[in-house]
Amino acid sequence: MSEHRREEQRLGAYLRDRRGRLDPASFGFSPGRRRTPGLRREEVAQRANISPTWYTWLEQGRGGAPSAEVLNRIARALMLTDLEREHLFVLGLGRPPERRYRRDAGVTPRLQRVLDALEPTPALIRTAIWDVVAWNTAATVLLADFAAAPPEGRNLLRYVFTDPGMRQAQQDWQSVARVLVSAFRVEAARAGADEEVRPLVQELRAVSPEFSALWDAGEVLSYNGEAVKHLRHPRLGEIAFEHSAFAVDGRPDLTLLIYNPATEQDAQTVRAAVERAARQR
């Protein structure tokens with residue numbers, strides 16, 4: 001049996017399994033007498049607005065390669081999760097679907113506890129369009145007072161180009177800005193968030209000629225998310241951090257950023273600053 005034929009059979013088996021898990025009554029179909037659990041093939045085809053014959057062929061492994069549009073319709077009809085939809089595309093087309101950015105509000109209490117457990121190491125969680133949605137006390141003390149800003153103002157790219165304090169904190173602001181604009185461009189495109197970033201880009205163009213020039217340059221630089229950052233804190237002086245970025249399991253829209261003090265002296269400075277802030281609360 002050819003590999004293509006095996007993939008068609010895997011797709012059909014997956015469709016049958018997902019169809020069998022759905023409750024007909026919840027979709028307005030009469031439960032009646034059914035030979036097997038779940039929706040009938042024609043009911044899935046009706047919900048997906050495709051030909052019942054074509055859908056039957058797909059389940060039987062003889063329909064050929066479906067289009068992305070057909071797979072999206074079937075995914076909606078079968079109420080697939082994002083992960084299940086991705087698996088459907090891999091089976092049907094041999095590739096994951098194009099990314100669709102979805103703005104989710106906030107983080108779970110579990111993720112906030114992870115941030116808090118990292119104290120006194122500064123850590124935060126940002127979205128694919130670089131909105132900061134969670135942070136620990138150390139991040140507030142060492143990086144920026146995120147709690148003092150309105151939610152729409154907690155964007156890392158906006159901080160870099162509009163906050164004088166953030167600019168002064170960078171050892172080489174021009175180099176940092178260049179790398180960040182490139183990384184932002186790549187990540188937003190990968191997340192399928194072009195529409196979501198357009199207002200931010202327009203805003204920064206209007207207030208920062210430097211951003212406008214970097215955005216127009218269209219650079220895509222190599223950046224693996226790990227680096228040593230040297231920050232000039234207004235009260236604590238220069239501090240070096242090992243900066244690392246991690247994906248958040250189950251939340252492809254989120255990234256965990258950790259700023260680990262690079263030396264023992266840096267760690268002592270950070271620890272003392274966080275402890276002072278805790279006592280002043």
Side-chain angles (χ1 to χ4, degrees), residues 103-173 175-177 179-181 183-184 187 200 223-281:
R103 187 189 296 268
D104 288 318
V107 299
T108 63
R110 178 182 67 88
L111 284 176
Q112 184 61 56
R113 288 193 293 271
V114 169
L115 292 176
D116 295 338
L118 290 170
E119 302 278 16
T121 297
L124 58 88
I125 293 176
R126 63 161 172 78
T127 68
I129 60 175
W130 291 24
D131 288 336
V132 177
V133 292
W135 55 89
N136 61 11
T137 300
T140 298
V141 174
L142 276 299
L143 302 177
D145 190 356
F146 300 110
E152 64 274 11
R154 299 170 190 157
N155 182 274
L156 293 180
L157 205 63
R158 184 181 283 111
Y159 276 116
V160 169
F161 284 95
T162 65
D163 185 341
M166 186 69 74
R167 178 184 290 252
Q168 294 169 6
Q170 309 302 320
Q171 247 189 0
D172 184 354
W173 184 89
S175 295
V176 169
V179 170
L180 290 183
V181 169
F184 176 79
E187 187 163 347
L200 176 62
Y223 179 66
N224 63 6
E226 295 187 358
V228 175
K229 293 184 177 293
H230 297 267
L231 299 180
R232 297 192 187 98
H233 193 275
R235 296 189 308 277
L236 306 176
E238 185 171 311
I239 306 174
F241 293 98
E242 293 177 341
H243 171 267
S244 300
F246 301 94
V248 176
D249 189 30
R251 289 291 301 271
D253 57 312
L254 298 181
T255 299
L256 169 64
L257 303 182
I258 297 177
Y259 297 79
N260 195 41
T263 69
E264 180 56 33
Q265 181 177 345
D266 291 322
Q268 292 176 2
T269 300
V270 169
R271 189 178 302 113
V274 173
E275 290 173 354
R276 282 197 300 270
R279 290 194 297 267
Q280 293 170 0
R281 283 184 173 180

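The structure presented is a predicted model; accordingly, all values stated were derived computationally and were not measured.
If you take CD1 on Ile258 and CG on Leu115, they are separated by 8.5 Å, rounding to the nearest 0.5 Å. To the nearest 0.5 Å, the span separating CG on Leu156 from CG on Asp131 amounts to 8.5 Å. Rounding to the nearest 0.5 angstrom, the gap separating the CG atom in Asn136 from the CG atom in Leu124 is 8.0 Å. Note: Glu242 CD to Asp266 CG = 9.5 Å, rounded to the nearest 0.5 Å.
Not a single salt bridge (Lys or Arg N to Asp or Glu O under 4.0 Å) links Arg276 to another residue, sequence neighbours left out.
Without hydrogens or angle criteria, Gln168 side chain to Arg232 main chain gives no donor-acceptor distance under 3.5 Å. At least one donor-acceptor pair closer than 3.5 Å links the side chain of Glu119 to the backbone N or O of Thr137.
Nearest heavy-atom pair, Asn155 versus Ile129, reported as atom, atom and distance to 0.1 Å: ND2-O, 2.9 Å. Closest approach of Leu257 and Arg126 over heavy atoms only: CD1-NE, 3.7 Å. Across all their heavy atoms, Gln112 and Val107 have their closest contact at N-CG2, 4.4 Å. Shortest non-hydrogen contact noted between Asp172 and Ser175 is OD2-OG, 2.7 Å. Contact record, Pro122 with Phe241: CG-CE2, 4.0 Å, taken as the closest heavy-atom pair. Closest heavy-atom contact between Val132 and Trp135: CG1-CE3, 3.7 Å.
Annotation: side chain of Gln170 is in contact with side chain of Leu231 (closest heavy-atom distance under 4.5 Å). Between His233 and Thr269 there is no side-chain heavy-atom pair separated by less than 4.5 Å. Here the side chains of Tyr259 and Ile239 are not in contact, with every heavy-atom distance at 4.5 Å or above. Put simply, the side chain of Tyr159 reaches to within 4.5 Å of the side chain of Phe146, judged on heavy atoms. Residues Asn260 and Leu118 have side chains not in contact (no heavy-atom distance under 4.5 Å, counting atoms from C-beta outward). Between Leu111 and Leu254 there is a side-chain heavy-atom pair separated by less than 4.5 Å.
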*asked:* Go through it in stages, so that I can follow the logic: the residues are Val160 and Phe184, the test is side chain to side chain contact (heavy atoms under 4.5 Å, CB included), and I'd like the CA-CA distance, side-chain angles, deciding distance and then a yes or no.
replied: CA-CA 12 Å; Val160 169; Phe184 176 79; over 6 Å; no
*Check the pair Leu236 / Val270 against side chain to side chain contact (heavy atoms under 4.5 Å, CB included), numbers first and verdict last.*
CA-CA 8 Å; Leu236 306 176; Val270 169; 6.0 Å; no
*Determine, stepwise, if the pair His230 / Glu238 fulfils side chain to side chain contact (heavy atoms under 4.5 Å, CB included).*
CA-CA 7 Å; His230 297 267; Glu238 185 171 311; 3.7 Å; yes
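Screening residues 143-159 for salt bridge (charged side-chain N to carboxylate O under 4.0 Å, His left out) gives Arg158-Glu203 as the qualifying pairs, with residues at least two apart or on separate chains.
The environment of Gln268 atom CD is dense: over 12 non-hydrogen atoms of other residues, nucleotides or ligands sit within 6.0 angstrom.
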